[in-house]
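Following: one structure in structure tokens, then a few remarks.
Just follow the structure's listing: the first ligand is 1, and inside any ligand the first atom is 1.
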Amino acid sequence: MDISLVVPIYNEELLINSLLDETTSSLNKISEDFEIICVDDGSRDSSLEKILAYRKKDSRVKVVILSRNFGHQAAYTAGLSYAKGNFIGMMDGDLQDPPALFSKMYDMLQTKNFDVVFGHREARKEKFMKRMLILLFHKIFSRLSNINAPADVGNFSMMTRGALKAFLSLQEKNRYLPGLRYFIGFRQGFVEYKRSDREIGEAKMNFTKLFKLALDAIFSFSKIPIRLCWIIGLIGILFSIGGSAVVLYKKMTGDAISGWTSVLTSMYFLGSVQLFFLGIIGEYIHRIFVETQNRPIFIVREFVD
Ligand code: UDP
Ligand code: MG
């Protein structure tokens with residue numbers, strides 16, 4: 001098998017036919033020997049039926065059916081674990097990323113000796129608010145983590161079998177795939193492209209899901225939040241020692257201390273700082289908890305090969 005393409009699908013019934021038409025024709029230009037692994041991430045519409053109907057025409061379309069909705073990072077992971085190709089592509093199922101670019105990625109893997117090639121979005125066409133939030137996330141993420149990949153990258157990529165093996169060996173549960181993909185190393189290159197907005201259907205990654213993904217990314221790739229915690233704590237302690245010295249000095253020199261205000265405001269301030277950072281510690285503890293539970297990342301109901 002030359003190429004495997006993994007596509008997560010969650011309630012995309014309106015898109016399935018054009019998606020599979022476009023991807024098969026793009027892949028046909030590279031090689032006839034490919035498979036498209038659709039991962040049905042617990043769709044509640046007719047996505048699965050549409051894929052299975054398409055498969056009757058072209059048996060290179062395969063389906064991993066998950067037992068429920070596990071989220072799109074888990075869906076990718078599921079599909080990747082079934083991929084048999086020497087070159088493995090990843091692409092969202094909403095045609096925001098152009099499948100025609102796979103031939104360029106394939107070329108770079110072959111001729112330039114890269115092991116991973118990912119799409120770098122030089123422009124986006126999503127709604128203003130979403131674009132701004134994504135930009136903010138990428139800025140914060142690249143500052144806080146030691147992941148130095150270009151900022152605006154996502155799942156759209158292609159890698160060799162060897163890179164995939166390393167990629168799949170990372171078994172953590174809170175998964176941020178672009179971060180993990182960078183983590184494995186190897187020789188990585190990228191192609192520039194413009195990310196269009198989805199033409200059909202609504203984004204299935206709603207604000208809550210994207211927010212959770214951003215938190216997974218930051219907390220699993222950065223120690224800075226927890227480091228901030230003790231640094232600010234230390235500064236607070238130094239200040240309070242200084243403050244107490246002043247108060248004591250005033251008391252000894254007989255200067256009356258006036259009012260509760262200062263006492264109360266500093267209490268409130270310290271209280272809230274403590275609460276905030278307790279929350280951050282909680283984030284880490286929650287993640288430790290999830291990792292130790294050691295539940296599978298996804299559960300497969302059926303694989304239609
Ligand atoms: N998706 C999925 N499971 C989910 C949410 C989304 O498999 O729980 C799929 C979805 O069908 C699409 C891809 O993941 O193919 C990206 O989703 P979306 O376009 O909503 O994300 P965004 O463009 O906002 O990152
Ligand atoms: Mg999308």
Side-chain angles (χ1 to χ4, degrees), residues 5-23 26 36-51 54 61-83 89-99 101-102 118-121 123-138 141 151-157 173-179 181 193-217 297-301 303:
L5 178 62
V6 176
V7 188
I9 302 285
Y10 177 54
N11 296 344
E12 306 283 5
E13 57 183 2
L14 298 171
L15 266 161
I16 301 295
N17 285 321
S18 50
L19 166 73
L20 292 174
D21 279 345
E22 247 187 72
T23 43
S26 302
I36 298 178
I37 302 180
C38 298
V39 184
D40 177 44
D41 188 15
S43 297
R44 274 175 300 229
D45 62 0
S46 64
S47 299
L48 178 59
E49 288 73 31
K50 290 250 164 75
I51 302 168
Y54 200 97
V61 173
K62 298 170 183 176
V63 205
V64 177
I65 307 168
L66 299 189
S67 61
R68 63 167 168 85
N69 179 253
F70 279 89
H72 93 312
Q73 305 287 298
Y76 268 123
T77 310
L80 290 172
S81 68
Y82 283 89
M90 293 165 68
M91 189 188 86
D92 280 358
D94 56 6
L95 289 175
Q96 275 184 279
D97 307 313
L101 225 68
F102 279 123
F118 50 85
H120 177 235
R121 303 151 186 160
R124 280 179 172 270
K125 293 224 182 68
E126 283 141 324
K127 292 202 186 68
F128 181 74
M129 263 307 277
K130 183 166 184 177
R131 259 184 8 236
M132 288 301 118
L133 287 174
I134 291 173
L135 185 77
L136 182 70
F137 160 71
H138 283 293
F141 182 68
D152 213 359
V153 301
N155 297 303
F156 186 43
S157 60
K173 315 292 176 225
N174 288 301
R175 301 176 80 74
Y176 175 58
L177 299 183
R181 187 183 59 211
Y193 74 108
K194 293 191 172 53
R195 183 166 227 237
S196 51
D197 202 357
R198 284 184 171 251
E199 267 148 34
I200 307 175
E202 281 171 21
K204 305 301 179 305
M205 291 297 285
N206 52 27
F207 179 74
T208 334
K209 280 186 171 177
L210 283 176
F211 188 65
K212 183 182 169 296
L213 185 60
L215 286 188
D216 279 348
I297 298 160
F298 56 84
I299 296 171
V300 174
R301 178 154 66 85
F303 177 47

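- Within the structure, ligand 1 has Lys130 among the residues with a heavy atom less than 4.0 angstrom away.
- Close contacts of ligand 1 with Ala203, meaning ligand atoms under 4.0 Å from a residue heavy atom, involve 20 (O).
- Only side-chain heavy atoms of Arg195 come within less than 4.0 Å of ligand 1; its backbone N, CA, C and O stay farther off.
- Checked against a 6.0 Å centroid threshold, the rings of Phe156 and Phe102 count as neighbours.
- The count of protein N, O or S atoms under 2.8 Å from the Mg ion (ligand 2) stands at 2, with waters excluded from the count.
- Using a 4.0 Å cut-off between heavy atoms, Asn69 contacts ligand 1 through its side chain alone, with no backbone atom that close.
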CA sep, side-chain torsions, deciding dist, call: His72, Asp92, side-chain contact (heavy atoms from CB on, under 4.5 Å): CA-CA 9 Å; His72 93 312; Asp92 280 358; 3.9 Å; yes

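- Heavy-atom contacts of Met205 reach the following atoms of ligand 1: 5 (C), 17 (O), 18 (P), 20 (O), 21 (O), 24 (O) (cutoff under 4.0 Å).
- For the ligand labelled ligand 1, residue Arg124 lies outside the 4.0 Å heavy-atom shell.
- In Asp92, the parts holding a heavy atom less than 4.0 Å from any atom of ligand 1 are both the side chain and the backbone.
- Looking at Arg195 and Asp97, a side-chain N of the basic residue comes within less than 4.0 Å of a carboxylate O on the acidic one, giving a salt bridge.
- If you take CG on Asp41 and CG on Leu48, they are separated by 12.0 Å, rounding to the nearest 0.5 Å.
- A distance-only check finds no donor-acceptor pair linking the side chain of Gln96 to the backbone of Asp197 [under 3.5 Å].
- In summary, the atoms of ligand 1 found under 4.0 Å from a heavy atom of Glu12, numbered by their order in the structure, are 10 (C), 11 (O), 12 (C), 15 (O).
- At the shortest separation from atom 18 (P) of ligand 1 among protein heavy atoms lies Arg198 NH2, 3.5 Å.
- A salt bridge between Lys50 and Glu12 is absent, with no side-chain N of the basic residue lying under 4.0 Å from a carboxylate O of the acidic one.
- Shown here for Ala78 and Ser81, the closest heavy-atom pair between the two residues is O-OG, 2.7 Å.
- In terms of protein heavy-atom proximity, atom 8 (O) of ligand 1 is nearest to Lys209 NZ, 2.6 Å.
- The protein heavy atom nearest to atom 23 (O) of ligand 1 is Gln96 OE1, 2.8 Å.
- Proximity of His72 to ligand 1, defined as any heavy-atom pair under 4.0 Å, is shared by backbone and side chain alike.
- The CE atom of Met132 sits 6.0 Å away from the CG atom of Leu135 when rounded to the nearest 0.5 Å.
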